[in-house]
Every structure is written in structure tokens, then in C-alpha cells.
Amino acid sequence: MLDIKFVRENPEKVKEALKKRGYNIDFDSFLSMEEERLKLLREIENKRAIRNAVSQEIAKLKKLKPDSPELERLISEMRQLGDEINVLESKLRTIEDKVQNFLLYIPNLPHNTVPVGKDETENVEIRRWGVPPEFDFEPLNHWDIGEILGLIDFERAGKIAGSRFAVMKGAGARLERALINFMLDLHISRGYIEVFPPLLVNKDSMIGTGQLPKFEEDLFKIEEPEYYLIPTAEVPVTNLHRNEILSEDDLPIYYVSYTPCFRKEAGSHGKDVRGLIRQHQFNKVELVKFVKPEDSYEELESLTKDAEEVLQRLGLHYRVIVLCTGDLGFSSAKTYDIEVWLPGQKRYREISSCSNFEDFQARRANIRFRRREKKGTDFVHTLNGSGLAIGRTVVAILENYQQRDGSVIVPEALRPYMGIDIIR
RNA sequence: GGAGGGGUGGCCGAGUGGCUUAAGGCGGCGGUCUUGAAAACCGCUGUAGGGUUACACCCUACCGGGGGUUCAAAUCCCUCCCCCUCCGCCA
């Protein structure tokens with residue numbers, strides 16, 4: 001959420017920044033609502049001040065002259081004032097809801113280092129690591145490899161659940177588990193604290209990180225009692241500190257969290273229908289940071305490096321791109337995507353997305369900290385990034401390490417976790 | 001699922017309708033004392049919004065969340081959430 005005061009005082013700046021994201025938002029009605037809100041607020045506060053003062057007088061009078069007509073008069077006057085206040089208060093509530101709702105639908109402002117562009121075609125490549133593997137045969141798709149080696153069963157997954165689900169079996173299931181443990185161990189050794197959170201969360205948590213109210217159709221929801229399945233560990237882990245005031249000494253906080261993730265993939269019918277790329281349920285190891293505002297861009301760089309290290313240790317070629325303003329996620333101020341090379345598809349595919357949300361989520365979730373020598377509180381900056389998506393890492397390993405005879409070599413870093421050198 | 005108890009400031013803990021602008025303690029900050037420290041003593045000690053746009057000052061709100069009664073609510077009523085104890089069930 002944007003700072004209401006900032007929007008109120010700089011509507012043109014906000015409008016310009018959002019235009020870069022492709023949002024054309026009318027601030028006129030917001031500004032007049034906001035003006036009305038402040039007017040009502042002042043009016044109510046003045047009346048309340050009068051009521052408070054007179055109530056004190058009533059108390060005194062009741063003690064000294066309980067029978068005076070003055071007492072009756074004041075009480076009836078205050079009764080009337082109270083009615084007036086009630087009317088104004090309900091007006092205020094209505095307009096506050098409108099203002100609040102308006103702000104909840106406004107995305108974050110892009111950082112000034114983010115390239116301006118209309119969509120994903122204008123994202124900018126930052127760097128590459130490694131080289132694509134060369135094959136003296138035509139490399140297969142991961143779903144073919146997975147089927148041939150008996151690692152993935154899409155057909156039976158369709159029977160027991162539906163499309164966009166997979167059953168992992170044998171070495172496939174083991175590969176999934178090995179990757180989770182490998183990534184967790186790596187990030188823990190870099191100072192991240194492991195968290196295993198609830199996979200169902202309440203509405204306030206979804207609002208806190210920005211999934212709600214705007215993106216309800218992407219989420220699996222449970223009624224009675226009302227819960228949402230997490231689309232990423234970002235949600236429960238960022239909300240760990242919702243409505244908290246941290247101490248400056250607590251920061252920075254680094255968490256790493258393995259969780260299953262659940263997404264409806266509502267808008268992507270017909271996209272990636274085969275294979276593991278786009279599933280309703282997938283595993284992910286997520287990195288989440290809470291930092292001081294002045295450190296957050298440095299922290300974004302190191303977060304991205306931490307995610308990249310996973311690919312480096314696995315020996316997988318990748319590139320890093322910075323998302324342009326038009327492709328930026330709703331809550332993010334700046335995002336790097338890490339794209340791994342997939343020989344089966346002969347293209348790079350997103351395997352990690354690392355974002356700095358600045359104080360956007362912290363405002364929504366009310367996560368603040370107290371500085372040593374300053375009064376009051378500041379909002380923390382929150383960041384997160386995949387480190388990495390497990391399913392897509394499985395895809396990358398199968399496609400990059402496949403052999404002519406159909407077997408798949410296990411990357412060296414993973415062998416202690418797999419217990420075998422080769423999957424055949 | 002049944003019965004009972006409870007959620008108060010960074011922490012502990014008083015407070016059942018009006019000198020509570022939330023007692024007292026701990027912690028923290030500043031000061032006196034001291035060669036220095038400790039102890040003792042004194043003072044200060046929240047968040048947010050608004051008016052000023054200066055955290056000087058004034059006002060308002062906040063005692064788990066929301067709503068209500070009343071001139072007046074931490075205190076009474078309704079509702080929801082969470083925690084604890086016992087019983088039942090259960091991985």
C-alpha cells in the first residue's frame with residue numbers, strides 16, 4: 001500500500017509512476033474523497049473534544065448540585081451532540097472504507113533503476129552464467145524423460161486429482177526431496193533461518209502481502225472456516241511479523257522456507273499444459289528478508305546472488321533479467337528474474353523471481369521497527385525470492401543432464417542427497 | 001465437542017461506570033553522588049491521526065478485533081478471534 005499522505009500531496013508523481021506500469025488511474029475522485037474524509041475527521045474530533053470536556057463538568061456537577069436544572073440541560077445537550085457524532089461517524093466509516101479500498105488496489109511504484117517498458121518483451125538481460133550443454137543427439141523434453149525413466153506420472157495424477165498435477169515416483173520423488181534438502185542446507189549455511197509455516201492462511205495475511213483483494217481468482221479458497229491455500233511461502237513468512245514493532249537490533253532478518261504452493265493458474269488456459277512447468281501444486285524453497293530501508297537494494301542484490309548460487313552449484317546455465325515497469329508484479333518495486341536454460345524447449349524459463357517490495361507490504365501488514373536514537377517507528381522493507389522453485393529445477397536437471405542412452409546424470413552437489421550418481 | 005478461567009503500555013501486574021490525563025514494579029534513557037562502577041535518590045519513558053506541517057504546543061483515537069448501551073466505557077451488553085486448565089475424541 002502506498003502512503004496515503006504521499007499520494008494526497010503528490011498525486012501527479014504517483015500518476016506518472018503508475019503510467020510507466022501501464023496503469024492509468026484517476027486520482028481526482030480519490031482526492032475529493034480524501035478531502036471529505038479529513039473534513040469529517042476534524043468535525044468529529046472537535047465535537048468529541050466538546051463532549052469530553054462537558055462530561056467532566058457533568059461529573060462535577062452531579063457531585064456538588066445533583067438537583068440543579070443545569071445538569072439536566074447539559075445531559076440533554078450532550079445526548080443530542082452524541083447523536084450528531086454518531087451520524088458523522090457512520091459517514092466517516094463509509095468514506096474511510098472507500099479510500100482504503102482504493103489504495104489496496106493501487107500497485108507499488110517502480111524504483112527509478114527499473115527500465116521503462118510495456119511488457120515482458122522489454123525486460124533487460126543483466127548477466128549470464130555458464131554455457132548451455134551441447135548434445136550429439138536431439139535432447140528430449142522433461143516429460144518424455146520423466147515418463148521413460150518412470151519418475152513422473154501425469155496420467156494417474158489426472159485420475160486422482162486432475163490436470164496440472166503430477167505424481168512423482170521412485171528416483172523422481174527422491175530427486176524432489178533431495179533438492180529441497182540441498183537448497184535448505186545451502187541457505188541455512190548462508191545465515192537464513194528455516195521456517196515451516198501453515199499452508200492455510202487467513203484473509204488478513206493475503207491482504208498483507210498483496211494477493212488480496214485484487215487477485216482472489218488466482219487463489220484456492222476454503223469456505224467454512226474461511227482459509228486460503230498459500231500460493232507461495234512469501235505469504236505466511238512475511239506475515240510472521242504482521243502488526244509487530246521490531247527492534248533495530250533484530251534487523252536484518254533472513255528466513256528460508258520450504259513449502260508446497262497452490263495456484264489456480266486461472267488466466268493461463270492452454271499455457272504449458274504438458275509437463276511440470278505450470279502446476280496447481282508445486283514445491284518451492286523461498287527466501288524472505290526483513291531489512292532497514294537504507295539497505296534494501298543492497299539486500300536485493302545479495303538475495304539474488306543467493307538464489308543464483310543454487311544453480312551454480314547444480315551446474316545449470318542461466319541468465320538474470322531485470323523486469324521492466326510493465327512486467328513488474330503488483331507489490332514489487334524492482335524484480336530480477338533468474339531464467340534457467342532448458343535444452344528440451346531450447347529456451348530460458350523463469351526459475352526464480354527476486355523482488356524488493358520496499359515498504360509496500362510493510363504498510364499493508366503493519367511491520368515496523370524502532371531506531372535506536374530516533375523517536376517513533378519506521379516501516380521495514382521486505383524482500384523475497386525463490387531459492388528455487390523445485391519442480392522447475394527438476395525439469396532443468398532432467399533436460400540438462402540427459403544422456404544419449406536415456407539416463408540422467410545426478411549433479412555432483414546433489415549426490416550426497418540422492419545416494420546415486422545416475423538415474424536410469 | 002463439553003465445562004471453566006483469561007487476553008491491560010517493551011515486559012510483569014493493579015484496576016467492575018466519572019480526580020485513571022491507565023496505580024505500582026521491571027527494563028530503558030537522562031541526572032545527582034563516585035576516581036570509575038554498583039547501590040541509592042530525582043526526573044523522563046507508548047502508537048497513530050488531525051491542527052500547526054517544528055516529534056514546542058493543542059485536540060482525537062487506541063486496555064485482543066468489531067458492534068452496542070450511556071452525558072461519560074479498560075470497566076456494562078452482544079459477537080468474533082486467540083491463549084490456558086479439565087473431560088471427551090484423535091494423528
Side-chain angles (χ1 to χ4, degrees), chain A residues 1-11 30-31 33-103 196-208 212 222-228 236 239-251 253 359 362-380:
Chain A
M1 191 156 65
L2 301 181
D3 179 5
I4 188 168
K5 217 172 189 171
F6 182 81
V7 178
R8 193 200 301 154
E9 287 162 9
N10 305 279
F30 165 77
L31 290 172
M33 275 195 297
E34 183 57 2
E35 202 179 316
E36 174 72 8
R37 185 182 73 85
L38 290 179
K39 202 183 114 197
L40 273 170
L41 188 64
R42 283 191 289 266
E43 209 174 332
I44 289 170
E45 286 187 348
N46 286 336
K47 287 184 191 294
R48 283 206 278 233
I50 293 170
R51 184 176 65 182
N52 288 346
V54 175
S55 286
Q56 294 289 322
E57 273 182 57
I58 290 173
K60 271 182 215 156
L61 213 56
K62 210 166 188 179
K63 243 179 205 171
L64 300 174
K65 304 188 268 181
D67 302 324
S68 83
E70 176 77 355
L71 187 61
E72 257 318 302
R73 191 177 63 79
L74 287 178
I75 287 177
S76 99
E77 267 181 29
M78 285 310 100
R79 187 174 298 142
Q80 199 185 333
L81 187 66
D83 290 343
E84 289 173 31
I85 291 173
N86 279 338
V87 171
L88 293 175
E89 277 177 340
S90 86
K91 264 187 170 173
L92 181 67
R93 263 197 297 273
T94 308
I95 202 158
E96 272 177 345
D97 285 350
K98 279 189 193 165
V99 168
Q100 187 71 6
N101 206 45
F102 176 84
L103 286 176
F196 189 71
L199 307 181
L200 302 180
V201 300
N202 58 34
K203 195 171 193 166
D204 286 343
S205 294
M206 286 294 185
I207 290 171
L212 289 179
I222 293 175
E223 321 263 354
E224 213 60 41
E226 182 177 274
Y227 285 117
Y228 294 87
N239 277 282
L240 275 178
H241 296 297
R242 174 150 50 86
N243 289 330
E244 288 186 17
I245 300 175
L246 303 167
S247 139
E248 180 171 12
D249 302 330
D250 296 335
L251 301 175
I253 299 173
D359 62 6
R363 263 178 217 290
R364 288 179 162 242
N366 191 28
I367 309 169
R368 294 170 291 168
F369 74 103
R370 221 185 292 275
R371 291 186 190 271
R372 284 203 157 285
E373 61 265 31
K374 198 183 138 210
K375 270 188 86 170
T377 59
D378 287 333
F379 288 105
V380 301

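Just so we're on the same page: letters track the sequence lines, and every chain starts at 1.
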Starting from P on B:A72, measure out to CG on A:D83 and report it in whole angstrom.
9 Å

Between A:R73 and A:E77, does any side-chain N to carboxylate O distance fall below 4.0 Å?
yes

Separation of B:C81 P from A:Y227 OH (nearest whole Å):
9 Å

Want to settle it: does A:I58 or A:I50 sit nearer the 5' end of RNA chain B, counting the closest nucleotide to each?
A:I50

Between A:R79 and B:A72, does any side-chain N or O lie under 4.0 Å from OP1 or OP2?
no

Any residue of residues 70-78 of chain A with a heavy atom less than 4.0 Å from an atom of RNA chain B
A:I75, A:M78

Tell me: CD of A:Q56 to P of B:U21, nearest whole Å?
6 Å

Starting from C1' on B:U60, measure out to NZ on A:K47 and report it in whole angstrom.
15 Å

Mind checking if A:I245 touches a base, just sugar-phosphate, or nothing, with heavy atoms under 4.0 Å?
nothing

5'-most contact on RNA chain B (nearest-nucleotide basis), A:A49 vs A:D378, goes to A:D378

Should A:T377 be listed as having a side-chain N or O under 4.0 Å from OP1 or OP2 of B:A48?
yes

Near RNA chain B, under 4.0 Å by heavy atom, which residues of residues 95-102 of chain A?
none

Rounded to whole Å, the CD1-C1' distance (A:I44 to B:G51) equals 15 Å

Quick test: give all pairs of protein nitrogen or oxygen and nucleotides 61-67 of chain B nitrogen or oxygen below 3.5 Å, distance rounded to 0.1 Å.
none

Scanning all shown strands, the Watson-Crick or wobble mate of B:G15 with both distances under 3.5 Å is B:U8

Could you tell me whether the phosphate oxygens of B:C55, OP1 or OP2, come under 4.0 Å of any side-chain nitrogen or oxygen in A:R371?
no

Using a 4.0 Å heavy-atom cut-off, does A:K5 contact any base of the nucleic acid, only the sugar-phosphate backbone, or nothing at all?
sugar-phosphate

Is it the case that the base of B:G18 and the side chain of A:K60 share a donor-acceptor contact (distance under 3.5 Å, atom types as modelled)?
no

Indicate yes or no: does A:R48 engage A:E89 in a salt bridge with an N to O separation below 4.0 Å.
yes

Short side-chain N/O contact to B:A48 OP1/OP2 from A:R368, under 4.0 Å
yes

Whole-Å distance between B:G49 P and A:E35 CD?
20 Å

Touch check for A:R363, heavy atoms < 4.0 angstrom, all strands: base, sugar-phosphate only, or nothing?
nothing

Grab the CG-P distance between A:L38 and B:A48 for me, whole Å please.
18 Å

